[in-house]
Protein chains: 2
Amino acid sequence: MSQKIVKKIETAGKTRPGRPRGEDTDRVILEAALRLVSTRGFRNVTVDQIAAEAGVGKMTLYRRWPNKAALVMDALLVLVGPRTQFPEAERALDSLESQLFLQARFFSSDYGRLIRSLIAEAQSDMELAVAFRERWIEPRREGVIQTLRKAVAQGELRTKIDFQLATDMLYGPLYYRLLLGTGTIDRAFVRRLLAQFLEGHRPA
Amino acid sequence: MSQKIVKKIETAGKTRPGRPRGEDTDRVILEAALRLVSTRGFRNVTVDQIAAEAGVGKMTLYRRWPNKAALVMDALLVLVGPRTQFPEAERALDSLESQLFLQARFFSSDYGRLIRSLIAEAQSDMELAVAFRERWIEPRREGVIQTLRKAVAQGELRTKIDFQLATDMLYGPLYYRLLLGTGTIDRAFVRRLLAQFLEGHRPA
DNA sequence: GGTTATCGATACCGTCAGTATCGTATTAAG
DNA sequence: CTTAATACGATACTGACGGTATCGATAACC
């Protein structure tokens, strides 16, 4: 699966025999999967429903992805991933705050259900767990860490920060609320979370 | 389910007609469920396997719990819950640290898989989500908050603390790592997490 | 003894992920 | 134009599993 997630690099114009695959069929299927799963949740959507929504036979779907989880993961990476950019600002802390606000809105939208579904499914699907961690979580953590480094360089945070821990402390509570439903994920929450975080990371 | 989770209060010696239920059958089934699910995970264990492991017919099981999720949740509450006490210490911060260490060990043991399984299942099972939140998460959060209050009273933490947020900041990162697998959950992690938390909550 | 509810066992049902197959369509090669 | 190879939508099928129904036997109370 791991090499299949995120459309294989087109095998270099290699002209294969037989009828070629539909041009935008991949995207149509991904969009159908994204739409259904983000509104109803992974377990409440069947593969047949995704195929029907895309106006496609089930085999067309399984010819392109090895299983349901890989398809939905791909939908997230291809359709949603590129739209989750890190807002740039001169002050790194402003970038960080914007990023946290965006994350809060993201989790509060239908995409929150999508993320929850994938994390849930990943608990019993090792391949999905690896893909989600390496292709979704880690790149975004890296972005956060870069921002934190920049904030340190700008003298807004103390030096000698454990960046992994800091990232856990900023995002852990968001995922915690997303998955446990113990509280709302709104701007006020993020604001207080960040303020408290900064309180513990003042520069000397 | 919610009124069924955690053995109904025995209907007051009420002598019902017909053959009475087995004495310790409940416990035997719960222990089988706990053993299997905590080692293999919820999705990798079938109801038939639990029944076989308990040496019991499947119907005996469904006569006592409405479904698989309720059974496993009950196993957690009945067999594990009572063994997760809050360590007492004169210094509240020592209690807090001990509690976090215990939680880290708990998550690192087979019970970590059990908790992950239930949270995953709860993403598509509203009743389970409510039960898990109200009967497992919330009581333990309340214990943490009491400890934090005590620490404030002892002058170890500043006043005017957002206790809900503080609990999220302490436990969010632990659940985050448990569910995402982004890092180990060991004593070093907990120690640095708590140290960083305290850094942001010094008394005036 | 009659009533009632439990027991283990087993057959059964419905759902769903994933596979196989069929007739058709579309491309490149010859 | 024919042939080979692949994709297509549709549909039937398989296997696994959660949950239900049923059966003959058992154990309590009246």
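Throughout, protein chains are lettered first and strands after them, A, B, ... in sequence-line order, and every chain is numbered starting at 1. If you're wondering where the values come from, they're calculated on a predicted model, not measured in any experiment.
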Here the distance between atom C1' of D:dA16 and atom NZ of B:K68, to the nearest Å, is 11 Å

In whole angstroms, the gap separating P of C:dA17 from CZ of A:F42 amounts to 8 Å

Testing C:dA17, D:dG18, D:dC8 for proximity to the side chain of A:V47, the answer is C:dA17

Rounded to whole Å, CD1 of B:I29 lies from P of C:dT6 at a distance of 13 Å

Rounded to whole Å, CG of A:N67 lies from P of C:dT19 at a distance of 9 Å

Rounded to whole Å, the CD-P distance (B:Q49 to D:dG18) equals 8 Å

Taken to the nearest whole Å, CG/B:L36 to P/D:dC17 is 13 Å

Practice task
Using a cut-off of strictly less than 4.0 Å, decide whether B:R63 has a side-chain nitrogen or oxygen near OP1 or OP2 of C:dC7.
Solution key: yes

Between CG of A:L61 and P of D:dG9 the distance, given in whole Å, is 10 Å

- Pairing of B:E31 and B:R27 as salt bridge, 4.0 angstrom limit: yes

Looking only at side-chain N and O atoms, does B:T46 come under 4.0 Å of OP1 or OP2 in D:dC17? no

The answer to which of A:D48 and A:M59 contacts DNA chain C further toward the 5' end, by nearest nucleotide, is A:D48

Value for CD (A:Q85) from CD (A:Q99), rounded to nearest 0.5 Å, stands at 8.5 Å

Review point. Heavy-atom distance under 4.5 Å between the side chains of A:D186 and A:F107, does that happen here?
Key: no

Contacts satisfying salt bridge (Lys or Arg N to Asp or Glu O under 4.0 Å) that involve residues 41-50 of chain B (not counting sequence neighbours) are A:E121-B:R43, B:D48-B:K58

Between CD of B:E121 and P of D:dC17 the distance, given in whole Å, is 14 Å

